[in-house]
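To start, the structure under review is shown below, and the notes come after it.
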Amino acid sequence: MKHLKNNLKDYTIRSLTTKDLDAYNALLRYAFQVTEQELTEVGWENDEIKQSKFPVLQRADVVGCFDNDSLISQFAVYPLDMNIYHQLYHVGFITSVCTYPEYSGQGIMATLMHKSLSHMRKRGQSMALLYPYSIPLYRKFGWEIISNKISYIIKNNQIPKIDDIPGYVRRVTWENTDFINLHQQFAAKTHGCLYRNSLAWEEYWRWDEDDTVVAVYYNSHKKPQGYMVYLIKENVMYIKEMIFLNREAQNGLWRFIRAHQSMINEVKGNTYYNEPIAFEMADGNIKESIRPYIMGRIIDIDKFLLQYSCKPSEKDVCIELDIHDDFLSWNNKSINVLFSKGRCFITEQKAEYHIKLDIASLTTLLIGYKSAMQLWKLERIDAPRAAVETLDNVLMHEIPYISDYI
């Protein structure tokens with residue numbers, strides 16, 4: 001147990017346990033203004049919503065700040081695995097970040113964040129993710145945008161007409177193993193995708209209505225190749241998620257959507273592939289909007305780089321990275337990185353190029369959301385142009401697919 005005396009009251013910081021469930025739930029409900037009416041509309045009773053958060057306190061790392069015996073602020077980290085350029089990374093998804101308003105502005109949240117990120121480092125989690133309620137706030141602590149969410153609206157007469165698909169679609173239950181295994185296969189081949197453990201699946205379904213449907217596309221050999229999760233309500237088909245392992249499955253799912261043409265007026269959905277879908281459609285005059293979705297932060301740059309993949313076809317090059325990180329002192333340093341045969345090595349070898357940037361810019365660069373040249377033009381990288389071009393040449397460039405919001 002640790003007491004804060006850094007110009008704060010004598011608060012206490014400790015890890016939360018299942019005994020703190022009521023206080024944890026009360027703070028969540030107050031901070032996010034979840035009302036009894038909203039819970040009732042999705043079929044939740046008060047005891048059920050409390051119990052639904054019970055696994056968080058069992059399986060996640062939740063740190064809280066107490067004023068005497070009263071919980072006043074909390075910060076939770078879900079343990080998850082993430083595909084980063086086909087390397088499996090242990091990461092943490094930050095959630096349940098909240099403080100009672102009367103205690104805001106005292107540095108409590110920054111203290112909880114630092115403690116939680118330090119715990120992550122000790123557990124070998126080199127990367128953290130979160131869905132930001134304030135992008136400027138998290139940028140102050142070294143976080144940066146790393147993925148987008150694209151929302152679209154398609155009129156029923158704009159749904160693509162696709163013929164000659166050899167497979168078929170079947171509606172299945174939420175617990176269907178073909179459905180669950182498909183996401184595992186998709187995560188294994190998709191940069192940025194999170195592997196869903198039992199806790200992540202529980203969060204995935206937490207607020208969905210009972211009428212939400214899962215449909216799986218099977219090829220002619222009866223192998224599942226893609227799925228969509230959707231709800232039809234008031235003549236609108238809402239697509240929560242659509243993933244596919246190949247083009248055939250993508251077309252097969254769109255053909256399934258078109259089969260509902262007489263039942264709906266429009267299709268509303270989200271995609272996380274970071275590619276607008278209008279170009280693929282015969283009638284591309286649809287509504288699409290794009291917005292930042294997930295922010296990320298490298299927690300331990302040494303561990304992150306030692307797992308990191310780069311282009312194996314490029315010749316070896318050693319680059320000095322001068323990293324600025326005000327919040328996590330262990331990242332605030334210069335390191336020489338050898339990019340060799342598709343892997344990264346921290347070395348004492350003399351660097352051929354020197355690049356200066358902060359941890360936020362390095363995070364969005366290595367995850368693939370922005371290139372080195374893009375960051376250089378935004379004056380987020382301090383280096384000669386030749387160094388920036390060399391770094392871009394050796395890095396892989398694929399914007400991550402991150403669909404989960406824990």
Checklist entry - Taking the six-membered ring for Trp, are Tyr227 and His183 parallel (under 30°), tilted (30 to 60°) or perpendicular (over 60°)? => result tilted
Next on the checklist: Does the plane of the ring in His191 sit parallel, tilted or perpendicular to the ring in Tyr85? Use 30° and 60° as the thresholds.
Outcome noted: parallel
Next on the checklist: When you measure from the side chain of Glu314 to the backbone of Val394, do you find a donor-acceptor pair of N or O atoms at a distance under 3.5 Å?
Outcome noted: no
Checklist entry - Taking 4.0 angstrom as the limit, do Asp20 and Arg14 come out as a salt bridge? => result yes
Item to check | Test item: Asn83 side-chain N/O and Ala188 main-chain N/O as donor-acceptor pair under 3.5 Å | outcome: yes
Checklist entry - Does any N or O in the side chain of Asn156 come within less than 3.5 Å of the main-chain N or O of Ile264, such that one atom is a donor and the other an acceptor? => result yes
Item to check | Flag if over 12 foreign heavy atoms under 6.0 Å of NZ, Lys303 | outcome: no
Item to check | Smallest separation among heavy atoms of Ser220 and Pro166, with atom names | outcome: CB-O, 4.1 Å
Item to check | Exercise: do Asp325 and Asn331 side chains pair donor with acceptor under 3.5 Å | outcome: yes
Checklist entry - Taking all atoms of both residues into account, what is the closest heavy-atom pair of Pro224 and Val216, and its distance? => result CB-CG1, 3.8 Å
Item to check | Enclosure of Arg123 CZ (heavy-atom neighbours >12, cutoff 6.0 Å) | outcome: yes
Item to check | Among Thr12, Ile72, Leu71, the one residue meeting side-chain contact (heavy atoms from CB on, under 4.5 Å) with Cys65 | outcome: Ile72
Next on the checklist: Can you confirm if the NZ or CZ of Lys240 lies within 45° of the ring axis of Trp205 and under 6.0 Å from the centre of its six-membered ring?
Outcome noted: yes
Checklist entry - Run the salt bridge (Lys or Arg N to Asp or Glu O under 4.0 Å) check on Glu266 and Lys268 step by step: do they pass? => result CA-CA 7 Å; Glu266 59 187 16; Lys268 293 184 177 181; 3.7 Å; yes
Checklist entry - Centres of the Tyr138 and Tyr133 rings: under 6.0 Å? => result yes
Item to check | side-chain hydrogen bond (donor to acceptor under 3.5 Å, both in side chains) evaluation trace for His354 with Glu320 | outcome: CA-CA 5 Å; His354 305 268; Glu320 180 189 18; 2.2 Å; yes
Checklist entry - Between Arg343 (side chain) and Cys310 (backbone), is there a donor-acceptor pair under 3.5 Å? => result no
Item to check | Steps toward side-chain hydrogen bond (donor to acceptor under 3.5 Å, both in side chains) verdict (Asp322, His324) | outcome: CA-CA 7 Å; Asp322 184 359; His324 181 69; over 6 Å; no
Item to check | For Tyr293, the option from Tyr272, Tyr273, Tyr401 that meets ring pair (Phe, Tyr, Trp, His ring centres under 6.0 Å) | outcome: Tyr272
Item to check | Within 6.0 Å of NZ in Lys341, more than 12 heavy atoms from elsewhere | outcome: no
Next on the checklist: I want to check a possible cation-pi pair here: Arg121 against Trp330, using under 6.0 Å from ring centre and within 45° of the ring axis as the test.
Outcome noted: yes
Item to check | With Tyr217, the side chain to side chain donor-acceptor pair (under 3.5 Å) member among Glu248, Gln225, Arg170, Gln250 | outcome: Glu248
Next on the checklist: Does Glu352 form a side-chain contact (heavy atoms from CB on, under 4.5 Å) with Ile319? I'd like the steps, not just the answer.
Outcome noted: CA-CA 6 Å; Glu352 301 166 60; Ile319 300 176; over 6 Å; no
Item to check | Output field: ring centroids Tyr89/Phe304 closer than 6.0 Å | outcome: yes
Next on the checklist: Applying side-chain contact (heavy atoms from CB on, under 4.5 Å) to Asp302 and Ile346, what does each step give before you reach the verdict?
Outcome noted: CA-CA 7 Å; Asp302 291 39; Ile346 297 172; 3.6 Å; yes
Checklist entry - Do Arg171 and Tyr230 come close enough that some side-chain heavy atom pair is under 4.5 Å? => result yes
Checklist entry - Does atom CD of Glu348 have more than 12 heavy-atom neighbours, drawn from other residues, nucleotides or ligands, at distances under 6.0 Å? => result no
Checklist entry - With a cut-off of 6.0 Å (strictly less than), are more than 12 heavy atoms of other residues, nucleotides or ligands near NZ of Lys311? => result yes
Next on the checklist: Can you give me the closest heavy-atom contact between Tyr238 and Lys233, atom names plus distance?
Outcome noted: CE1-O, 3.8 Å
Checklist entry - So Met228 and Phe244, side-chain contact (heavy atoms from CB on, under 4.5 Å) or not? Walk me through it. => result CA-CA 9 Å; Met228 57 181 282; Phe244 36 83; over 6 Å; no
Checklist entry - Between the side chains of Thr347 and Asn336, does any donor sit under 3.5 Å from an acceptor? => result no
Checklist entry - Is the side chain of Gln158 donor-acceptor paired with the backbone N or O of Asn285 at a distance under 3.5 Å, no angle test? => result yes
Item to check | Side-chain heavy-atom pair Ser403, Glu241 within 4.5 angstrom cut-off | outcome: yes
Checklist entry - Using the ring of each side chain (for Trp, its six-membered ring), is Phe179 parallel, tilted or perpendicular to Tyr204, with breaks at 30° and 60°? => result tilted
Item to check | Pairwise side-chain contact, Ile13 with Leu112, heavy-atom cut-off 4.5 Å (strictly under) | outcome: yes
Item to check | Within-4.5 Å side-chain heavy-atom neighbours: Val91 and Asp81 | outcome: no
Item to check | Min side-chain heavy-atom separation Asp392-His397 under 4.5 Å | outcome: yes
Next on the checklist: Quick one: does any side-chain atom of Asn25 pair with a main-chain N or O of Leu21 as donor and acceptor, under 3.5 Å?
Outcome noted: no
Item to check | Flag for Ser361-Asp358: side-chain donor and acceptor within less than 3.5 Å | outcome: yes
Checklist entry - Yes or no on side-chain contact (heavy atoms from CB on, under 4.5 Å) for Phe75 and Thr95, after CA distance, side-chain angles and deciding distance? => result CA-CA 7 Å; Phe75 194 99; Thr95 187; over 6 Å; no
Next on the checklist: Is it the case that the side chains of Tyr218 and Asp178 hold a donor-acceptor pair, with the cut-off being a distance below 3.5 Å and no angle test?
Outcome noted: yes
Next on the checklist: Donor-acceptor pair, distance only, cut-off 3.5 Å: does the side chain of Asp10 make one with the backbone of Asn68?
Outcome noted: no
Checklist entry - Between Tyr11 and Gln106, is any side-chain donor less than 3.5 angstrom from a side-chain acceptor? => result yes
Checklist outcome for this item: In terms of heavy-atom contacts, Asp404 and Ile294 come closest through O-CD1, 3.9 Å
Checklist outcome for this item: Here the pair of heavy atoms bringing Ala76 nearest to Ser96 is CB-CB, 4.1 Å
Next on the checklist: When you compare the side chain of Trp201 with that of Ile180, does any pair of heavy atoms fall below 4.5 Å?
Outcome noted: yes
Checklist entry - Under 3.5 Å, side chain of Asp382 to main-chain N/O of Lys356, donor-acceptor pair present? => result no
Checklist entry - Heavy atoms, side chains only, cut-off 4.5 Å: are Ile277 and Ile286 in contact? => result yes
Item to check | Side-chain donor or acceptor of Arg297 paired with backbone N/O of Phe141 under 3.5 Å | outcome: yes
Determine all donor-acceptor pairs shorter than 3.5 Å in which one atom belongs to a side chain in residues 363-372; sequence neighbours excluded.
{"unit_1": "Thr363", "atom_1": "OG1", "unit_2": "Ile298", "atom_2": "N", "d": "3.1"}
{"unit_1": "Thr363", "atom_1": "OG1", "unit_2": "Ile359", "atom_2": "O", "d": "2.8"}
{"unit_1": "Thr364", "atom_1": "OG1", "unit_2": "Ile145", "atom_2": "O", "d": "2.8"}
{"unit_1": "Tyr369", "atom_1": "OH", "unit_2": "Asn148", "atom_2": "OD1", "d": "2.6"}
{"unit_1": "Ser371", "atom_1": "OG", "unit_2": "Gln374", "atom_2": "N", "d": "3.1"}
{"unit_1": "Ser371", "atom_1": "OG", "unit_2": "Gln374", "atom_2": "OE1", "d": "3.4"}

Checklist entry - If you take all heavy atoms of Gln74 and Met109, which pair is closest and at what distance? => result O-CE, 3.7 Å
Checklist entry - Is there a side-chain contact between Ile323 and Ile335, using heavy atoms and a 4.5 Å cut-off? => result yes
Next on the checklist: Can you see whether Ser126 engages Asp300 through a side-chain donor-acceptor pair at a distance of less than 3.5 angstrom?
Outcome noted: no
Checklist entry - Can any side-chain N or O of Trp376 pair as donor or acceptor with the backbone N or O of Ala383 at less than 3.5 Å? => result yes
